[in-house]
Participant: 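I have a structure here, written as structure tokens, and I will follow up with some questions on it.
Atoms within a ligand are numbered from 1 in the order they appear, just like the ligands themselves. Counting begins at 1 with the first residue of the sequence. Since we're looking at a predicted model, the values are computed, not measured.
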Amino acid sequence: MGKLQIFGSTRSRAMRNIWLAEELGLDYDQRLKDEAGLDYLSVNPSGKVPSIDDDGLVISESMAINMYLAKKHGGELAPKDLAEDAAMLQWTFWAMTEVESNALTILFNRALKPEDERDNAKADQCEADLQKPLGVLNDALASRQWLVGERFTVADLNASAVFSWVKMGRVNLEAFPHIADWMGRCLGRPTLVKLLKG
Ligand SMILES: N[C@@H](CCC(=O)N[C@@H](CS)C(=O)NCC(=O)O)C(=O)O
């Protein structure tokens with residue numbers, strides 16, 4: 001049985017997969033796409049990270065990888081039935097389609113780009129566009145601690161990985177206290193704190 005290979009640096013979306021692999025206690029190798037001698041396009045034809053090779057099964061798309069790994073290894077992080085699976089996919093797709101793009105634009109224009117290349121107005125517009133989805137999540141978290149099944153699951157991991165960019169982009173969450181509390185619970189997980197120190 002070949003050991004799980006996770007391709008991508010911890011500064012990329014591969015972090016989501018590495019975080020989950022750590023939560024699941026998996027034995028894996030982390031590899032970089034520009035590794036000498038590696039034909040990375042055979043692992044991911046778009047040349048993007050992350051991808052995994054799980055004993056010959058090659059998968060790309062960070063969230064698809066996480067749903068696969070969670071379901072394969074089971075336990076508390078994974079869906080217990082079809083209803084939980086649907087709810088976990090719902091929140092994962094929601095984070096990817098309703099939040100990720102705006103969060104990334106904010107992050108680049110407030111933190112990652114050199115200061116003279118930042119577009120503050122663009123970041124502010126993206127923050128304005130996020131108000132509605134932030135309201136949706138805040139309402140959902142008003143009566144529960146976690147997104148699905150009253151425990152930390154891959155749904156929380158996937159969504160909070162996207163929200164780590166919201167945090168790094170200094171989006172104002174004063175009007176969304178339940179999100180701020182939930183982010184604290186998710187992003188304070190010992191596995192993630194250790195990885196970020198690492
Ligand atoms: N939807 C994809 C996005 C993958 C993606 O854009 N990855 C970035 C790094 S986080 C990348 O490889 N960028 C390099 C490029 O676009 O060539 C996923 O979630 O896996």
Participant: Taking only heavy atoms of V49, which atoms of ligand 1 are found under 4.0 Å from at least one of them?
Facilitator: 4 (C), 5 (C), 7 (N), 8 (C), 9 (C), 12 (O)
Participant: Under a 4.0 Å heavy-atom limit, does M63 contact ligand 1 with its side chain, its backbone, both, or neither?
Facilitator: neither
Participant: Polar contacts were defined as any N/O atom of the residue lying under 3.5 Å from an N/O atom of the ligand; does this apply to K33 and ligand 1?
Facilitator: no
Participant: Output yes when the distance from some N or O of ligand 1 to some N or O of R13 is under 3.5 Å, and no in every other case.
Facilitator: yes
Participant: In terms of residue, atom name and distance, what is the protein heavy atom nearest to atom 16 (O) of ligand 1?
Facilitator: K48 CE, 3.3 Å
Participant: Can you name the atoms of ligand 1, numbered from 1 with element, that are less than 4.0 Å from a heavy atom of S62?
Facilitator: 18 (C), 19 (O), 20 (O)
Participant: Decide, yes or no, whether a salt bridge links K71 with D85 under the criterion of side-chain N to carboxylate O below 4.0 Å.
Facilitator: yes
Participant: Between K72 and D54, is there a side-chain N and carboxylate O pair less than 4.0 Å apart?
Facilitator: yes
Participant: State whether W165 and R13 meet the cation-pi test: NZ (Lys) or CZ (Arg) under 6.0 Å from the six-membered ring centroid, and within 45° of the perpendicular axis.
Facilitator: no
Participant: Just wondering, are more than 12 heavy atoms of other shown residues or ligands nearer than 6.0 Å to CD in E35?
Facilitator: yes
Participant: List ligand 1 atoms under 4.0 Å from P50, heavy atoms only on the residue side.
Facilitator: 20 (O)
Participant: Look at atom 1 (N) of ligand 1 and say which protein heavy atom is nearest, naming residue and atom and giving the distance to 0.1 Å.
Facilitator: E61 OE1, 2.8 Å
Participant: With under 30° as parallel and over 60° as perpendicular, where do the rings of F152 and W19 fit, or are they tilted in between?
Facilitator: tilted
Participant: So for atom CG, which belongs to L82, do other residues, nucleotides or ligands contribute more than 12 heavy atoms lying within a distance under 6.0 Å?
Facilitator: no
Participant: Does CZ belonging to F108 count more than 12 external heavy atoms closer than 6.0 Å?
Facilitator: no
Participant: For ligand 1, which atoms have a heavy atom of S12 less than 4.0 angstrom away?
Facilitator: 10 (S)
Participant: Does at least one non-hydrogen atom of M96 fall below 4.0 angstrom from an atom of ligand 1?
Facilitator: yes
